[in-house]
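Below, each value reflects all heavy atoms present in this structure, side chains not excepted, and no hydrogens, waters or symmetry copies. Chain naming here is simple, since letters A, B, ... match the order of the sequence lines and numbering starts at 1 in each.
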Amino acid sequence: MKPAWSVIFFTTLAGAGQGLFLALVAAEALGEVPAGFLVSGALLALGLLAVGLAASFFHLGHPERAWRSAAMWRTSWLSREVIVLPAFMAAVAAFGLSHFFSFERNHSLWIGSAGAVLCIALFVCTGMIYACLPFLQEWRTPLTVVNFIAFGCASGATAAAALAAWQHPPLARPYAAAALALGALAYLTRLAALARNRQLRPKSTLSTAIGVKHPKIVQIAHGAAGGSFNTREFFHGRPREVVRAVRWTFLALVFPVPAALLGGGADSAAVLGAAFAAQYAGLLAERWYFFAEAKHPQNLYYQAIA
Amino acid sequence: MCACRCGIRVHLRDGALRYIEGNPEHPINKGVICAKGSSGIMKQVSPARLTRPLRRKAGAERGAGDFEPISWDEAFSILESRLRKIRATDPKKFAFFTGRDQMQALTGLFARQFGTPNYAAHGGFCSVNMAAGMIYTIGGSFWEFGGPDLDRAKLFVMLGTAEDHHSNPLKIAISAFKRRGGRFVSINPVRTGYSAIADEWVPIRPGTDGALLLALTSELIAQGLYDREFVARYTNGGQLVIAEPGSPRHGLLATDEGTDPGNPLYPQNQLWWDRHSNGPVISHTPDTDPSLFGDFTLADGTRVKPAFQLLADRVGPHTPEWAEKITGVPAATIWRLAHEMGVTARDEKIELPIAWTDCWGNEHQTVTGNPVAFHAMRGLAAHSNGFHTVRTLAILMSLLGTIDRPGGFRHKAPFPRAIPPSAKTPTGPEGVQPNTPLAGLALGWPGSPEDLFVDAEGEPVRIDKGFSWEYPLSVHGLMHNVITNAWRGDPYPIDTLMIFMSNMAWNSTMNTVEVRRMLNDRSADGEYKIPFLVVCDAFQSEMTAFADLVLPDTTYLERHDVMSMLDRPISEFDGPMDAVRVPVLPPTGECKPFQEVLIELAGRLGFPAFSNKDGSKKYKDYPDFIIRHETEPGSGIGFLAGWRGAEGEKSMRGEPNPGQWEMYAKNNCIFKHELPPSYRYMRNWNRGYMEWAQRTRIRRWGEPILIHLYSEVLQRFRLAAQGKWPGRRPPQRLAKRVETYFDPLPFYYAPLEMQATDLEKYPLSAITQRPMAMYHSWDSQNAWLRQIHAHNYLFINPRAARAAGIEDGAWLWVESQWGRVRCMGQFSEAVEPGTVWTWNAIGKQPGAWGLAPDANEARKGFLLNHLISDTLPGATSNSDPVTGQAGWYDVRVRISPVQGGEEKTVSPEFSVLPPAPGTRRGPLRWLAYVAGKEIGE
Amino acid sequence: MTKQLALVIDLNVCVGCHACVTSCKQWNTSGEAGYLSDDNPYGADPTGTFFNRVQTFEVGEFPDTETVHFPKSCLHCEDPPCVPVCPTGASYKRAEDGIVLVDYDKCIGCKYCAWACPYGAREIDEHQKVMKKCTLCVDRIYDQNLPEAERKPACVMACPTSARLFGDVHDPESVVSRAIRESGGYALMPEWGTQPANHYLPRRKTTKRLHPDELERHDNPLKVDGRLPRPEPGEPALDDVTSW
Ligand SMILES: Nc1nc2c(c(=O)[nH]1)N[C@H]1C(S)=C(S)[C@@H](COP(=O)(O)OP(=O)(O)OC[C@H]3O[C@@H](n4cnc5c(=O)[nH]c(N)nc54)[C@H](O)[C@@H]3O)O[C@H]1N2
Ligand SMILES: Nc1nc2c(c(=O)[nH]1)N[C@H]1C(S)=C(S)[C@@H](COP(=O)(O)OP(=O)(O)OC[C@H]3O[C@@H](n4cnc5c(=O)[nH]c(N)nc54)[C@H](O)[C@@H]3O)O[C@H]1N2
Ligand code: SF4
Ligand code: SF4
Ligand code: SF4
Ligand code: SF4
Ligand code: SF4
Ligand SMILES: [Mo]
């Protein structure tokens, strides 16, 4: 697939925002946390979500009609996402407001829990958008959803650690620890996904694509010498070396580098911020690779050089 | 729109084109339409459309495309004064050549009335070998003159055809044939298009089909798998050929001097050796039957042999094993194919309950068919050995008994013609006189050296050297020689060259780079070697850039057109047919139909056929001309055969009908005359048909048209070359050549270019073929079609590519002894390993055709023509020595990878043409066509 | 039973002429649903929206090569994966005739449906910014103003080899069902369970088997001309050497 930047930004930014929100709710649930920290955390989460949402609009041909996309929630994960996302953002906002206006703790906790549920739902929706497509075998695995959740949570926790270092240092270390743990989990699941995908054998072949049984079939012309939507949308068009480099980059950036920074013991906002920045950059690469790695069966019809 | 001439229905919305579809009531295409026809809208709105008459700016170089618009008045007065002067002094200094048009009846008439012999259409570089090879053998041909009867065939063998003129009907027919369970064999170095759906693909080395066909013929005779009855009665196989080497009559048909030959042009007093009485008889004497084999002596002591014996002797040694070495087709395959053809023809006979009478008065209760059909086109024709290859094919078809019979080959009116047809050119320079129409046709069918168009020294009168001893049977002229000859001044310089609908500066020329230089070359006095160049085109092509005067034509949707029987027929097997086009859109800009230009000029110049007695112009315009013109006053024959007679009550012949256009329009624009079933078959020998054809003046003569297995016509030229002919003889330098190639029996020789090439150095053959979705060079201006073929690759068998160190998709050099081209290669398993090929005419000069200079056509597309030469070593033209057919498919090449540092763009490179005034300027970023309004920016 | 309209494409006769490609473009660009735009129409890498493309494949190795021309448009799957994923409901499958359509007024151009189609049958229009695909010419096939015989998709009307059959694959007596049944019609990528309504008919080969004795015939014309002479009775024969 051709990596879609709007979607890469959306999933990574929203994922971090979601993770951050979960980190806030978790902290609140586990102990006393200053309202100011929670408010600024919620604001930051909301900001990440909003920027992600904005990015996602670039994906649409007709953003002005985006409201229509809530219609098919019964069947479409995208539609569900479109419903859950604003609900979740509202919950984040409500969570922030509840602390800003110093609601009772169980009220704000209640809002937080509801938000957490929406948050998980959003993760699932986003992941399922990819995981539900049967023929994109690289995506067609629970690991996709797990990865989205785990990396969202990890990057959210890293962000929380950095924010805490700045606003409420006592939480910095626990958040960093959580980020380490979640990052390790995410990393492992991602490695698992990579290992799985390496085993994949395409179910579709040229033989099933055109219905001719023969081991040697070669496409000579795909019918559009100047290219078509199909030759653009489903191919990343990069040399194999670039793809491999991206993989090594993300494998370094999503966990080892931030882990070193997080685990180094420094509590400075700058170091933890750098950890988040590195991890986020890694996530961009990871999502890019996520797309590039996925082989769409339609590509069987678009292999010719002509 | 193209030479297929399908019927279309055009729908408009708010005056704009909405939809062009096939006309379901049209007998040619029965409602279907091709990719080009379906893209007619984009042709109409193309930015390459010329819309104003243009004159080359004073001082601008030819080829630079630097023009100023002028008015039609100016254009006409330039043309009128120039042509008037030429016509009054030396009419042959005006040369008029036309390309893939369908107006040869009018353009030919114009040239003849002008008085110039220098006229031809594209046939000479197209497929004249096909026409001549078959017409000199069976009196008809594939191409537009006849075709395979796939309705009834059981076995269909197609050679060297990619798309053809009759393209939609052929597609309809092949598909129906296959669905009926017919077996389809394709013989072609490449498997695309039609060959793709063949039941069997027989890959063959280019230029070697002659050998394959000889071997098939040989095997048919060896096994006795020929239709003896057909051969004996309907061919000259039983006629006796004089076998007296040394005698001036050697190789001519023995005749009975005591018997009236009838029409001296087509004598009927040849002899058979009657099998029953064991003695000579006049051929076709009732109750006799010729011996096909033997060696006899006539009463006067003359030794004679049946023509069939000579044929058998000739092909005998050409066994399948012999052919395998030449063609690359396994001998076992050749045997199998020969047996399949022979057994199918023999055992799956068709009998139609149609009674008919032959020319000798025999009544037949049925029409028999041997259901083996063939079709062939330029894969056979476009080689310099094509005439004999095609003749061999015609002979093979005749031995199988498949000529004008159900399930075999069938003629289309006005074919069959006599062998050779009686149309003739003048025979010497005296036929060309100032202010006088040409004393004959510009193109004709020589039957003997006396019919050549040469001067007293035997040198050519025509600029293209047509009908000279170099190319005696160049029945379609040699358009590919014109520019080179005019530039050389050989045989003489000319003044004005007018080109209509042909892209001679690019894809219909060989040696492109040089020809472009010649067009722009000046003599010492600073005058262009070809002083004045007029081009009529509808689009800004590579050719228009060289013009001194550009005449913008209308498109087919904007003008009246006739598809006349006087031109290439569109008739069906079952009877003559013609058609008209009526305009559905007004002309774009100042475009003017070229027909109107010709009518206007002919009137101004006072051509007899276009003037009243008082010298005034006879015709108001083209539609008026079409209705009122008669071939001769009172002949009742005009351009259109339908709805003639004052009230439109007659057909084929009759007085002009003022309402003829309307009547065509009311009848789907088609006229079709269905022959009665008893006139539909065996027309070469069908008395009823002959009489009807004479009555309607489709034919002058009614003699039966016996198939020439043995060509006495060719022998006459050979005798002349041997110094034995009583009449004209070739100049010494050509005697050997004529003697060699005017063999009365079919023979195989390697194409001339292959003979003149170091085959080790240039191990590969390079050929082109037509993409179904493009018409020559016309369609790159078409926004839809160019998305299918924006650029082209050289297709190479992976074995050949790897041997040369070339990878799939890589840039490479392809090089002939004449030039080299850098292009991209693509592996293909569907090409014979000794052949490389590409789609024809995809590459373009930057800026031409309304395309941006960086368009794929200019950056990645290439033209194979740069590798092909019009002249072979020894200054002979790269043409068939019999017919002058251009040897497009003879070029030999080698391939090599491009080196690391080299650029990855096509080479040779050409300068960028600026948009001509009147064409739509500025590149469109995007476009969306909706009838009634155009969107885009 | 409900109707399921579809095309059946006969690869046995398709010659790859692209008539179906441009006739489709032509009909649909001025059609009810909206234009089909082209980018760089006269420049480098021209590209545009088409509903139907013809591709070429080569099967096998020289000389046993088959060249397969392969037209492909939306297959109007019976279980179309492109439909449920569409968030707006712009993509839908009509209950009455099984045609899968896009409502351009609802489509937000998110391309998700294209991702969900394994066949690459959808193309976004880069200027109208909505997803497009073959409509089975809904605006022709029900048009009462057209003569009955012409109420067929544009590509079907155009195809010179009649390689494109059109009809109801749920009606066992329709031309398409018969063709599928009798000529071994198959679906593309059956592994995904999309049940394409469009089917393809495979190449069918006609071969001829000659028996060697067909070359040996009493009526061989060579005999007429004495080329296969009957020996003189006096020539040696079995009768000279033995008696039974
Ligand atoms: N779409 C489309 N249709 C056209 C045209 C067009 O430009 N586009 N042009 C029209 C014109 S002007 C013409 S003349 C006709 C020509 O119609 P065709 O004769 O069908 O055209 P070519 O493309 O020259 O095809 C030649 C075929 O012969 C094969 N071939 C080459 N050399 C040999 C050989 O030595 N032996 C054998 N057996 N095969 C060989 C090539 O591989 C190719 O398949 O088409 C007409 N129809
Ligand atoms: N390498 C190679 N070269 C070949 C061939 C090959 O097979 N291989 N084939 C040869 C053959 S068979 C042929 S017939 C020739 C064809 O060659 P040409 O007869 O030269 O045909 P085109 O090159 O298409 O040029 C025709 C011109 O007509 C113009 N035109 C189109 N429509 C109209 C119209 O309505 N009015 C006017 N006035 N002009 C119009 C086009 O713009 C174009 O400039 O090419 C030959 N060249
Ligand atoms: S084959 Fe030629 S005449 Fe027929 S539809 Fe196509 S372009 Fe028109
Ligand atoms: S129109 Fe028919 S023959 Fe031509 S490519 Fe399309 S399906 Fe094949
Ligand atoms: S072919 Fe693709 S677009 Fe068409 S119905 Fe099937 S899945 Fe949907
Ligand atoms: S692009 Fe349009 S039709 Fe496709 S899924 Fe998105 S909204 Fe639906
Ligand atoms: S059915 Fe209509 S829309 Fe579909 S491919 Fe054919 S012409 Fe195009
Ligand atoms: Mo031609």
Side-chain angles (χ1 to χ4, degrees), chain A residues 1 4 59-66 68-82 129-130 132-136 203-204 206 208-212 214-234 296-302 304 306, chain C residues 11 18 21 40 44-50 53-61 66-68 70 72 81 83-90 105-112 114-126 128-131 186-193 200 202-203:
Chain A
M1 297 289 294
H59 190 67
L60 303 185
H62 282 284
E64 79 285 358
R65 298 181 190 159
R68 287 187 176 275
S69 56
M72 301 308 284
W73 55 272
R74 277 197 208 82
T75 60
S76 170
W77 283 105
L78 179 52
S79 194
R80 290 170 194 154
E81 182 192 56
V82 165
I129 286 175
Y130 304 93
C132 78
L133 298 176
F135 6 85
L136 279 157
K203 251 190 169 178
S204 293
L206 268 177
T208 68
I210 67 168
V212 175
H214 199 286
K216 178 145 195 230
I217 305 177
V218 178
Q219 191 176 42
I220 293 296
H222 57 63
S228 65
F229 171 71
N230 303 274
T231 62
R232 294 185 290 270
E233 182 71 6
F234 300 90
H296 201 290
Q298 80 104 40
N299 293 7
L300 289 167
Y301 297 108
Y302 297 90
Chain C
L11 300 182
H18 292 267
V21 175
N40 313 325
D45 296 336
T47 179
T49 310
F50 284 74
R53 309 253 185 198
V54 176
Q55 315 188 314
T56 307
F57 296 86
E58 281 176 8
V59 179
E61 276 177 30
E66 293 277 341
T67 302
V68 178
F70 185 81
K72 175 168 69 69
V83 167
V85 301
C86 173
T88 62
D105 293 331
K106 283 191 189 159
C107 174
I108 56 173
C110 68
K111 306 181 198 164
Y112 193 28
W115 295 7
C117 166
Y119 306 103
R122 294 177 165 240
E123 300 192 12
I124 199 142
D125 189 299
E126 305 285 0
Q128 212 176 348
K129 303 272 187 210
V130 293
M131 192 53 73
Y186 63 86
L188 305 183
M189 293 188 186
E191 58 273 22
W192 302 120
Y200 287 75
R203 284 275 164 81

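- By number of non-hydrogen pairs under 4.5 angstrom with chain C, the leading residue of Ala66(A), Pro63(A), Pro134(A) is Pro134(A).
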Apply side-chain contact (heavy atoms from CB on, under 4.5 Å) to the pair Tyr186(C) and Leu11(C), showing each step before the final yes or no. CA-CA 11 Å; Tyr186(C) 63 86; Leu11(C) 300 182; 3.4 Å; yes
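- Proximity to chain A (any heavy atom under 4.5 Å) is shown, for Ala114(C), by both the backbone and the side chain.
- Only the side chain of Tyr112(C) comes within contact range of chain A, judged by heavy atoms closer than 4.5 Å.
- Side-chain atoms of Tyr302(A) and Gln55(C), non-hydrogen and from C-beta on, do get closer than 4.5 Å to each other.
- Looking at Tyr130(A) and Trp115(C), their side chains come closer than 4.5 Å, going by heavy atoms from C-beta outward.
- Residues Met131(C) and Ile124(C) approach most closely at SD-N, 3.6 Å, considering heavy atoms.
- Residues His222(A) and Thr231(A) meet the side-chain proximity criterion, which asks for heavy atoms closer than 4.5 Å.
- Counting heavy-atom pairs closer than 4.5 Å to chain C, the top-ranked of the candidates Lys216(A), Arg68(A), Met1(A), Gln298(A) is Arg68(A).
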Let's go through Leu206(A) and Phe57(C) carefully: what are the C-alpha distance in whole Å and the side-chain angles of both, what is the deciding distance for side-chain contact (heavy atoms from CB on, under 4.5 Å) to 0.1 Å, and is it a yes or a no? CA-CA 9 Å; Leu206(A) 268 177; Phe57(C) 296 86; 3.5 Å; yes
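- When each of Cys132(A), Pro215(A), Ser69(A), Gly227(A) is scored by its heavy-atom pairs under 4.5 Å with chain C, the top score falls to Ser69(A).
- Taking chain C as the reference chain and counting heavy-atom pairs below 4.5 Å, the highest number among Arg74(A), Arg232(A), Met72(A) is found for Met72(A).
- Interface remark: Ala209(A) contributes backbone and side-chain atoms alike to the contact with chain C (heavy atom separation under 4.5 Å).
- In this structure, chain A has heavy atoms under 4.5 Å from both the backbone and the side chain of Pro118(C).
- Both the backbone and the side chain of Val59(C) come within less than 4.5 Å of a heavy atom of chain A.
- Your options are His18(C), Arg53(C), Arg203(C), Met189(C), and the one with the most heavy-atom pairs under 4.5 Å with chain A is Met189(C).
- For Thr67(C) (side chain) and Glu58(C) (main-chain N/O), no donor-acceptor pair under 3.5 Å exists by modelled atom type.
- In this structure, no portion of Arg80(A) lies under 4.5 Å from any heavy atom of chain C.
- You'll find the side chain of Arg65(A) reaches within 4.5 Å of the side chain of Val130(C), heavy atoms only.
- When atom types are taken as modelled, the side chain of Asp125(C) and the backbone of Thr49(C) share no donor-acceptor pair closer than 3.5 angstrom.
- Side chain of Lys72(C) to backbone of Gly120(C): a donor-acceptor contact under 3.5 angstrom is found.
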Stepwise side-chain contact (heavy atoms from CB on, under 4.5 Å) test for Cys107(C) and His62(A): CA-CA 8 Å; Cys107(C) 174; His62(A) 282 284; over 6 Å; no
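- For Glu233(A), the part lying under 4.5 angstrom from a heavy atom of chain C is the side chain only.
- His59(A) touches chain C through backbone and side chain together, each having a heavy atom under 4.5 Å away.
- Using a 4.5 Å cut-off between heavy atoms, Leu133(A) touches chain C through its side chain atoms alone.
- When heavy atoms are compared at a cutoff of 4.5 Å, Val218(A) approaches chain C by way of both its backbone and its side chain.
- Only the side chain of Leu136(A) comes within contact range of chain C, with at least one heavy atom under 4.5 Å from a heavy atom of that chain.
- Under the 30°/60° scheme for interplanar angles, the aromatic rings of Phe70(C) and Tyr301(A) are found to lie parallel.
- Contact annotation for Leu300(A): both backbone and side-chain heavy atoms come within less than 4.5 Å of a heavy atom of chain C.
- In this structure, the portion of Arg122(C) lying under 4.5 Å from any heavy atom of chain A is its backbone and not its side chain.
- When heavy atoms are compared at a cutoff of 4.5 Å, Gln128(C) approaches chain A solely by way of its backbone atoms N, CA, C and O.
- Interface residue Cys86(C): only backbone heavy atoms are found under 4.5 Å from chain A.
- Listed options Tyr119(C), Phe50(C), Trp192(C) were ranked by heavy-atom pairs under 4.5 angstrom with chain A; first place goes to Trp192(C).
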